[in-house]
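All figures in this text were calculated on a predicted structure; none of them were measured in a lab. In the text below, chain A, chain B and the rest are named by the order of the sequence lines, each starting its count at 1.
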Amino acid sequence: MSAYPVNLEGKTVSTPRDERYNPQAVEEKWAERWQSDPSLYAAEAHPTKPKYYVLEMLPYPSGALHMGHVRNYAIGDALARYMWMNGYNVLHPMGWDSFGLPAENAAIKNNTPPKQWTLGNIAAMKKQMKRLGFAYDWSREVTTCLPDYYRWNQWFFLKLYESGLAYRKKSRVNWCGQCATVLANEQVVGGMCWRHEDQPVEQRELEQWFLRITKYADELLRDLEKLQGWPEKVRTMQQNWIGRSEGTLIDFDLGGTVGPAGSTVTVFTTRVDTIYGATSLQLAPQHPIIADLTARDAGLRAQVEDLIAQQRLARETGDIGNIEKHGVFTGRHAKNPFNGEAIPVWVANYIVMDYGTGAIMSVPAHDERDYEFAKKYGLEIRLVVLPANLDEEETMTAPPLPYTPSDGMLVNSGEFSMLSCADAIKKMTHNAEEKGFGKATVTYRLKDWGISRQRYWGTPIPMVYCDKDGLVPLTEKDLPVILPDNVPITLAGGSPLASVPEFLNTTCPKCGGPARRETDTMDTFVDSSWYFYRYTDARNDKAPFDGAKIDYWFPIDQYIGGVEHAILHLIYSRFWTKFMRDMGLIKNDEPAWRLFTQGMVIKDGAKMSKNLGNVVSPDEMVARYGADATRMYSLFAAPPDRDLDWQESGIEGIQRFLGRVYRFFLKYPIETRRETPAAASVPPNAAAQPLTPEARALQRKMHQTIKRVTSDFQGRWHFNTCIAAIMELVNDIYGAEAAFASARISFLLIGELQRNIALLLAPMAPYMSHELWAMAGETSNLLKAPWPKYDAVLAAEDEKEIPVQINGKLRGLIVVPAGASKDQIEKAALADEKIQAAIAGKHIAKVIVVQGKLVNLVARDGS
RNA sequence: GCGAGAGUGGCGGAAUUGGCAGACGCACCAGACUUAGGAUCUGGCGGGUUAAACCGUGGGGGUUCGAGUCCCCCCUUUCGCACCA
């Protein structure tokens, strides 16, 4: 590099090719060095520093990274590097969420075994990650599809089974025909499969394994309060998902048994206060008692089937919210336990079986849906709540119906009349409990987590079926149950593992007799529910991890990923944490204190997709602009929480900037600085010498930049403004080039500028920073070089430019010493020529001086 | 319908507590250096005007010496949930 003649004239010259920054050559050189030292990014074994666990959500190994990944990891990597430089013991691991359906689809399509396909993809993506320069501790790599990981899924399953949190039941499940498997409620999006937007989800009856996440519903809801470091949005989404609702269960008697399902219908209501206004019962078409009610009435049965069909259709089109209300009278009546009145029992398509009890009391006067239904079928509408305003006249006036507020007063409600709604709810619930026909209850929207999948590429469930002993769990020493290779995969339905006799046939752990294995596998969300714990102790073959290590590293200090995991992954992993805590394995009760959800990477305003042909490949960007520019642009183009519109011309701007930085180092290399006469003339105690104005300005800018980058980095996570600040500094350096040439800026300052620029860029453009660090004559490892500190005195301005307003409008600018008093500022403002001209003939009513900020003169006409 | 965000030049975006709106970058224009330019450097760049005045942060009100920022009403838009009883 010293072969290039330094231009001490400071004149603009053309840039020869060899002066251009060549990212490929530089990045490859450093990548090679970094890869030769596997311990480079390892956390300390015997910690002497405070810990910091930064984690990006692990990817599914689909075959290639996309820009969304790059953005996610660029953020995490910048943070990890920043924390290293700030003296933390950083844990920054990576792994692979590698079970799941795409591997099976690929197997069918290409006739490649899922394992081979998956491991091949992992190798390819790992290579991409290394090329991008992400600083992961690969010695802790977790690959969920390998037995050394999934055996612990099985281990946890046995523990869950032992504690009654894993159970099996026959249930109506969501079935995706294209996946040929069951979906969790969380995987059904608007009636469609989360993976196949155009595939309506069917309902099937199957024996399934469930995890009792509802046991933790209340705690999962309550602890959201503690997660102040999570985006409000995510907490709200989880809150809605859990959907806690307080209400009352009330039994309505059908006046004699109608069949096996009994003689009462229990309704759930949040408004028991309106029960005197109930004029019918409405059942969901799937309600169990309907089988009994229709047993001798084929016509009614057919009508109910029709309602079910309507509901299904509406669900499939995602239009369940707007379903045209239909219902049918069953011919039966039920007794309202409060007033003894017999009210008709109907079946209606707007009642869903999977919320509450699948049965409601219909109160048309005080519920919009019930009102609409009652109007349509001519059911009685009975007012039982009046507005309770201070204005008596209004209170006595019947409100327009339906009247739904719950701050009114009861009427026509027997002994409860004249009570407020709130009091009535309490007293009526109490009354029901005393008399044994009802009770207070809490319902949740959250359902238990169905984890059975009729697929091959997942963790085998460690249970067997014995003819003699029935359902038997395996024991710890039987683990892992290895997922066999060479399994024929089809989408014919049913579990592929059932067709493998060597797998299927086993012996019962209890009696030693012949038994069959469970052939379903686990939902892949099981894998990702606890993977981040495994990173702390990834090679442990005696336990999932060592609790002492969890105590040290957890909770995760910063978790970073896409908002699409706001519900599924993030609620399951919170559940898993609470379960492990209750097992005594860990002490923390939340996995991550801080969560950051980055925005999507889009192109031309649309999500990148193969269909639209607007996919930007990271490989191509790296090949064209280098890893640094690719990463840095993804940090610069938008604040990290917003969507980022990828523009090729934008990354060119970053490339240009990096080139400018590089040329600054190239033009003033350390060798030359030592040798030039200008350098030699700098006295040894140059730092103590008063600086020229140009040098002082640059020095000040340098300290201001350090200050800004530091605060934007840690406080606000605005990487875009961090980069903008560094750009400003570089622009100022170029602006002062003439002073460099005339030696009015010392080589000591140039060296300081260079070192600080390398340090400031290190988290965001690691390759180039390392190169620059070496060019600046530094031999230490930049990865752990101390983050620069700014000097507040040196960052301070000597004088300030202060805007002067008249009546709030800018009318002039004055320059005052930085520490000027209010009086001085006011005097200077009034003395300014422009201001004097502007206020001529006017009377100054008031002068507002904000020290160091602004002057506003309130001027009125006349004197 | 409920909940949470967002709305600023041609574009991406700055403006941390109310205090010079448009930092930084892109695009564009002009110039320099060039055999050349998809290189580099310098300058310009919200509207308006010769220059000013003036107008400008989705719209309308308000508070204030002063509002992109605070308050009220409305519009648009993104995301999540939804006959949830």
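- One finds no side-chain N or O of R660(A) lying less than 4.0 angstrom from the OP1 or OP2 phosphate oxygen of C24(B).
- For E324(A), the salt bridge (charged side-chain N to carboxylate O under 4.0 Å, His left out) partners at least two apart in sequence or on another chain are K376(A).
- R244(A) is linked by a side chain to side chain contact (heavy atoms under 4.5 Å, CB included) to D218(A), L221(A), E246(A), V442(A), Y444(A), counting only residues two or more places apart in sequence or in another chain.
- Only the C1' atoms considered, C75(B) is 7 Å distant from G59(B), to the nearest whole Å.
- Residues satisfying the side chain to side chain contact (heavy atoms under 4.5 Å, CB included) test with N240(A), not counting sequence neighbours, are T236(A).
- Only the P atoms considered, G18(B) is 36 Å distant from C81(B), to the nearest whole Å.
- Residue contacts for I726(A): at a heavy-atom cut-off of 4.0 Å it reaches no nucleic acid atom on any strand shown.
- For E801(A), the side-chain hydrogen bond (donor to acceptor under 3.5 Å, both in side chains) test picks out no residue, with sequence neighbours left out.
- Residues satisfying the salt bridge (charged side-chain N to carboxylate O under 4.0 Å, His left out) test with D832(A), not counting sequence neighbours, are none.
- Under the salt bridge (charged side-chain N to carboxylate O under 4.0 Å, His left out) criterion, E620(A) pairs with R624(A), not counting sequence neighbours.
- Every residue two or more places apart in sequence or in another chain that forms a side chain to side chain contact (heavy atoms under 4.5 Å, CB included) with V847(A) is listed here: E826(A), I844(A), V849(A), V855(A), L857(A).
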All N/O contacts under 3.5 Å from nucleotides 11-20 of chain B to the protein, with atom names and distances to one decimal?
from   : atom 1 : to      : atom 2 : distance (Å)
C11(B) : O2'    : Q647(A) : NE2    : 3.3
G12(B) : O2'    : A637(A) : O      : 2.5
G13(B) : O3'    : N720(A) : ND2    : 3.4
A14(B) : OP1    : N720(A) : ND2    : 3.2
A15(B) : OP1    : R716(A) : NH1    : 3.2
A15(B) : OP1    : R716(A) : NH2    : 2.6

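- Atom P of G68(B) sits at a distance of 7 Å from the matching atom of U57(B), rounded to the whole Å.
- Side-chain N/O atoms of R369(A) include one lying less than 4.0 angstrom from OP1 or OP2 on C84(B).
- Nucleotides G58(B) and U76(B), compared at atom C1', are 7 Å apart to the nearest Å.
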For this session: Using Watson-Crick or G-U wobble pairs with both distances under 3.5 Å, give me RNA chain B in dot-bracket, 5' to 3', with [ ] for crossers and | for pairs to another strand.
Result: (((((((..(((......[....))).(((((.......))))).((......))..(((((..]....))))))))))))....
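- Annotation: of the two residues near RNA chain B, G358(A) and A724(A), the 5′-most nearest-nucleotide partner is A724(A).
- Between G12(B) and A6(B), the two C1' atoms lie 15 Å apart (nearest whole Å).
- With hydrogens and angles left out, the side-chain atoms of N349(A) and Q310(A) include a donor and acceptor closer than 3.5 Å.
- In G9(B) the O4'-C1'-N dihedral to the base is within 90° of 0, which defines a syn nucleotide.
- No salt bridge links K800(A) with E797(A); every basic N to acidic carboxylate O contact stays at or beyond 4.0 Å.
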